[in-house]
Amino acid sequence: PAEGESAAPAGAGAQDELYFVYVPKLVHPWYEDVKNGADRAIAELAERGINVTYDWDAPTAADVVQFTQRLESAIAKNPDVLFVSCLDVAAAKPLIEEAVAQGIPVVGFDTPCPDTPLTSFVGHEEYVPDGAALAEVLAEAMGYEGEVGILLGSPGAENHKQRVEGFKEAMAAYPDIQIVAEEYDNDDLERAVNLTASMIQAHPNLKGVFGANASAPIGAGQAIVEAGKAGDILLVGMDDLPEMVNFVRDGTALAMSVQAVPEIGYWTILYGTALANGQTVPVVHDTGSLVVEPDTIDSYK
């Protein structure tokens with residue numbers, strides 16, 4: 001809009017055919033709830049005569065080369081808005097800068113992408129407290145002593161790094177708890193199973209495991225069950241994929257930290273539509289999180 005004019009409300013002389021591209025970190029079931037939220041917003045907009053379509057272009061694995069290729073391809077499509085979940089901030093930064101230079105608004109979702117020219121970010125921004133909260137649950141259940149292993153997630157993912165940072169900071173308060181193993185699972189379920197099985201073998205006194213992403217605690221839980229250690233090795237981790245919900249329900253896991261995932265998809269679509277029509281949107285929309293334990297497993301949603 002010209003100076004002094006306000007942006008036209010969507011539907012009042014605004015663009016009514018919009019095209020977006022999402023580039024998430026990888027193909028992963030966690031993102032299905034993001035898409036569900038996006039589709040809900042699209043249905044609402046359709047009722048107002050605004051037609052939004054999007055491409056969902058996910059790397060098959062948490063691979064930085066694949067991720068940058070997907071981002072380059074997305075920019076070449078010249079979408080009205082580009083949504084990015086940063087697998088690796090250093091790799092994403094020049095491409096985000098390129099998109100912005102071409103006049104494509106870039107909105108971060110799911111994973112923060114610090115020091116890049118994002119127009120907005122929708123998701124859970126501060127992950128350090130999530131790791132710390134799960135550390136406190138685990139430490140108490142361990143009686144504040146024993147050996148712990150960590151599945152670290154993907155090396156370049158800011159949310160995984162922050163969760164681990166928070167977990168370690170909290171555990172540092174308990175001198176009788178030792179972190180004896182740290183491994184990158186790359187958000188890969190089979191890798192998480194194998195890494196946890198190796199941890200159990202290498203550390204026969206292992207008492208706790210923390211998984212820093214959605215796949216890690218599921219893989220860890222499977223390895224713990226297969227080793228006959230359910231209840232002996234205590235598990236905490238991220239997100240509420242169905243397998244993790246079942247682990248909390250049956251006692252294989254103590255707790256999970258959960259985000260409002262559909263809200264991420266919902267608000268990205270609404271903010272993308274606003275941006276495409278020259279409106280302003282919040283710089284950050286933090287969708288929050290909570291710790292879910294067995295007593296709240298059936299009521300948290």
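Computation of the quantities below employed the complete heavy-atom set of this structure, encompassing side-chain atoms and omitting hydrogens, waters and symmetry-equivalent molecules.
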Is the F109-W267 ring centre distance short of 6.0 angstrom?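 No, ring centres 6.0 Å or more apart.
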Using distance alone, with no hydrogens and no angle criterion, decide if [X] and [Y] have a side-chain donor and acceptor under 3.5 Å apart.
X	Y	value
Y300	E293	no
Y19	N78	no
D39	Y54	yes
Q66	T60	yes
D185	N213	yes
S120	H285	no
S289	H124	yes
T268	Y22	yes

Residue from V107, I96, L82 passing side chain to side chain contact (heavy atoms under 4.5 Å, CB included) with L118: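 Only match with L118 under side chain to side chain contact (heavy atoms under 4.5 Å, CB included): I96.
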Per the side chain to side chain contact (heavy atoms under 4.5 Å, CB included) rule, which among N277, T53, N51, L275 passes with L18?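 Filter result, single survivor: N277.
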Could you state the interatomic distance from [atom1] ([X]) to [atom2] ([Y]), rounded to the nearest 0.5 Å?
X	Y	atom1	atom2	value
D188	N194	CG	CG	8.5 Å
N159	E126	CG	CD	12.0 Å
E190	L195	CD	CG	11.0 Å
E140	L138	CD	CG	10.5 Å
T111	E158	OG1	CD	9.0 Å
L151	T196	CG	OG1	4.0 Å

E72/K77 under salt bridge (Lys or Arg N to Asp or Glu O under 4.0 Å): CA gap, chis, key distance, verdict: CA-CA 9 Å; E72 287 167 352; K77 293 174 180 176; over 6 Å; no
Answer yes or no: is there a donor N or O on one side and an acceptor on the other, between the side chain of H28 and the main chain of W30, under 3.5 Å?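 Here the side-chain-to-backbone pair exists.
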Under the 3.5 angstrom rule, does the side chain of R191 hit a backbone N or O of Y184 as a donor-acceptor pair?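 At least one qualifying donor-acceptor pair exists.
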Looking at K25 and D88, is there a salt bridge between them, counting it only when a charged N and a carboxylate O are closer than 4.0 Å?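 K25 and D88: not salt-bridged.
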Under a 4.0 Å threshold between the charged nitrogen and the carboxylate oxygen, would K93 count as salt-bridged to D115?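 Between K93 and D115 there is no salt bridge, as every charged N stays at least 4.0 Å from the carboxylate O atoms.
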Can you find a pair of side-chain heavy atoms, one from Y127 and one from P112, that are under 4.5 Å apart?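 Yes. Closest side-chain heavy atoms under 4.5 Å.
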Would you check, one step at a time, whether the test side chain to side chain donor-acceptor pair (under 3.5 Å) holds for E44 with Y266? CA-CA 10 Å; E44 289 179 10; Y266 181 83; 2.7 Å; yes
